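Since the model is a prediction, treat every value here as computed from it, not as a measurement. Proteins come first, then strands; the chains are lettered A, B, ... in the order of their sequence lines, and each starts at number 1.
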Protein chains: 2
Amino acid sequence: MTNSTGRQRAARQSDVAALAGVSQSAVSRVISGDADSRIPEETRKRILDAIATLGYVPNPIARNLRGKRTQLLGVHTFEALFPNARESFYFQFLLGIEERAEETRHDLVLFSSTGDGGGARKIYRDETNRLTIADGSVLLGMSPDRDELARLWHEGYPFVHIGRREVLGAPFPCIIPDYRRAAAEIVRRLFDHGHRSFAFVRESIEGEPYEDRRDGYRSAVTELGIRDSSPGFLSDESGLSDAVLDGFADGSVTAAVVESERIAETLRERLTARGLSIPGDVSVAVLEDTAGAGVRWDDLRIPRKQIGRIAVDRLIEMVEDPDAPRESVLVACEVVEGETIASVRAAVRSGSAAGPDGSAR
Amino acid sequence: MTNSTGRQRAARQSDVAALAGVSQSAVSRVISGDADSRIPEETRKRILDAIATLGYVPNPIARNLRGKRTQLLGVHTFEALFPNARESFYFQFLLGIEERAEETRHDLVLFSSTGDGGGARKIYRDETNRLTIADGSVLLGMSPDRDELARLWHEGYPFVHIGRREVLGAPFPCIIPDYRRAAAEIVRRLFDHGHRSFAFVRESIEGEPYEDRRDGYRSAVTELGIRDSSPGFLSDESGLSDAVLDGFADGSVTAAVVESERIAETLRERLTARGLSIPGDVSVAVLEDTAGAGVRWDDLRIPRKQIGRIAVDRLIEMVEDPDAPRESVLVACEVVEGETIASVRAAVRSGSAAGPDGSAR
DNA sequence: CCTTGTTGCTCATACGTAGTAGCACCGCAT
DNA sequence: ATGCGGTGCTACTACGTATGAGCAACAAGG
């Protein structure tokens, strides 16, 4: 009964049954509140008493084995939470996921066992897929191995992916920050400030989220008839070439749309080195949510918490109805005003460059 | 085979067995690598082939039911992660826990299902203890209901508690930041700066962590023969009475040891209102790790990540050996130098108060 | 008295795995 | 021929639960 000598067997339904003088099935029926199993109030009471005196607690594992749901939702991050540079990157998603999980009476499983101790995590390890513990899972982060995703989908396991990720033949649903629209909106904002000649400064990384940003930028630029002078746009380099900087210096390019805070910082340094200022000479917008420690960039906000919540909701739908449609969800990113976009006229006024106004060639 | 119409039954050992032309037991033996079960290489190979073609993955749930460990470690926070004022409070612990879990090949279960949607979480809900899913659990946070802890311990469930928590008749192990020693060390530091008359400003909250701080302070003060002039020390008020402030103003008290950053900030405002400065007139040390946004307080660092790691290690020990000793662990807190402690002489020199030097009555 | 229906349960089985016990067979020594 | 030990498996059961099928008892209706 006590803890004195380690752990003793927990009470099970058959123990309860014995004490109450009924069969195990009767106990099960009372517990799972089976409506159409006529157990009279008196017996029912006896069973509940027995449960109380034995301190019986149902075993969720056994329950699940019998085909019921575990009420566990998995969270698989392809990298460990901890070594991530921006501490809050995963955490913000996790908060939303946790919040919604609590509301829907689910517990979360953080899959960490498949890590190599250093960071990278796999779904399949030793031919074992631990995700099956959970009724379904939210996948998160940069998955290096798309075959794993394909396989998981192929097995019919319910999962959603945070962030767009396309895998041929595995049309799993993704919860996607709408970078396309946000990028377009930012271009529009710059346009409204009079800018007509842009440079796009890209990261060296590839991947769907970046494609979306680039797509959004490209189509907005085209639609507005804007002159884009990105030399590195289609190349693999990080794009901060001298040619681009020359464009800023001679005033032929007045606005920069950059993919990351990191690059934005680099850009700022290089501009400063040439005696140019932001937004005095060049307006800059960043296509990710910046940490905001130094410069207050004009940027966008990825609604991580909300995305986490949506992911849980979509996942639960999939778990409950395996035949439900599995469409991806786009989530709007708010474009946030900072201090790095100014109108072209102001730029010309306060600028030290000798260039013509924004519409010049 | 495909995902086209929802989920189909996953392959199990009996399927593999049928395909390989052996019995289910044989498959189990090959999988669990049972050494003393003579399965010749040829059969073994056939089974492995069948596993590969069927894409069989072992079911951890069933495995557990059979008495094996789940390799799941629970994390139970008595409040939700998210609404906590200091976002990183739980998160830092979680990082350590995750780190160590990954290294020891465990997955984590975040118990959120027992919440009321608003924050407070219970261990037992509807007479069900979900913790049993995990092999053992790390408990974390302010547990309002000690009976739950007693019951959990009574059932023999393996768990550790982060932070000291004493429950009569349930001597479970705790991982404890050594506030006693840190508090004593801070008193010593002030002593070394020439301070001889102290005030202790306490929080209105009760609980073991605060008792430890008060104990440490009290014993250090006694041991060093220091004059303590805390009027509110034993009272329930937050202790920032006018009497204390008078003591600072007339120079009869030169140092304050306060329990929280919140109170430290209040103290600073009140001192400023009386024309006193920190550390010019009063030296202040804080007995928790401050956020560091404004003032750089002399304070202490709670090694949260390390505590998380230790918790996991202790827990695993308990899981593996139910009869192992269950002692608590003290973890040293580093005392960190800030900008709010100065030596008494300097205080007198730059101070505007008319009081005598620190040893005066 | 026989049918029909209802109440209050119990029986048996399945879920997927691990492990204990043991069976059939073979080779070899006695 | 008989015993013995080893090889290569299989049979069976337990883990704790949920559930379809069904059975005994009784009541009501004919």
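- One atom, CG of B:Asn59, and another, P of C:dA14, lie 18 Å apart when rounded to the nearest Å.
- One atom, CZ of B:Arg63, and another, P of C:dC15, lie 19 Å apart when rounded to the nearest Å.
- Per the geometry, CD belonging to A:Glu41 stands 14 Å off C1' belonging to C:dG8, to the nearest Å.
- Residue B:Ile61 contributes atom CD1, which lies 14 Å from atom P of D:dA18 at whole-angstrom precision.
- For B:Arg164, the side-chain contact (heavy atoms from CB on, under 4.5 Å) criterion is met by B:Glu166, B:Ile176, B:Glu208, B:Glu211, B:Asp212, not counting sequence neighbours.
- Applying the side chain to side chain donor-acceptor pair (under 3.5 Å) test to A:Ser112 and every residue at least two apart in sequence or in another chain returns nothing.
- Contacts of B:Asp145 classified as salt bridge (charged side-chain N to carboxylate O under 4.0 Å, His left out), with partners at least two apart in sequence or in another chain: none.
- One interatomic measurement links the two molecules: CD1 of B:Ile31 to P of C:dT17, which rounds to 7 Å at whole-angstrom precision.
- B:Asp15 places its CG atom 10 Å from the P atom of C:dC15, with the value rounded to the nearest Å.
- Residue pairs that meet the side chain to side chain donor-acceptor pair (under 3.5 Å) test with at least one member in residues 23-33 of chain B, sequence neighbours left out, are B:Gln13-B:Gln24.
- Listed by chain and residue number, nothing satisfies the salt bridge (charged side-chain N to carboxylate O under 4.0 Å, His left out) test with A:Arg66 (two or more places apart in sequence, or in another chain).
- When rounded to the nearest whole Å, the span between CZ of A:Arg69 and P of D:dA18 equals 14 Å.
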At under 4.0 Å between heavy atoms, how does the protein contact nucleotides 6-15 of chain D? Give one character per nucleotide, 5' to 3', with B, S or -.
--BSBBB-BB
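- Checking side-chain atoms of B:Arg309 against main-chain N and O of B:Gly96 turns up no donor-acceptor pair under 3.5 Å.
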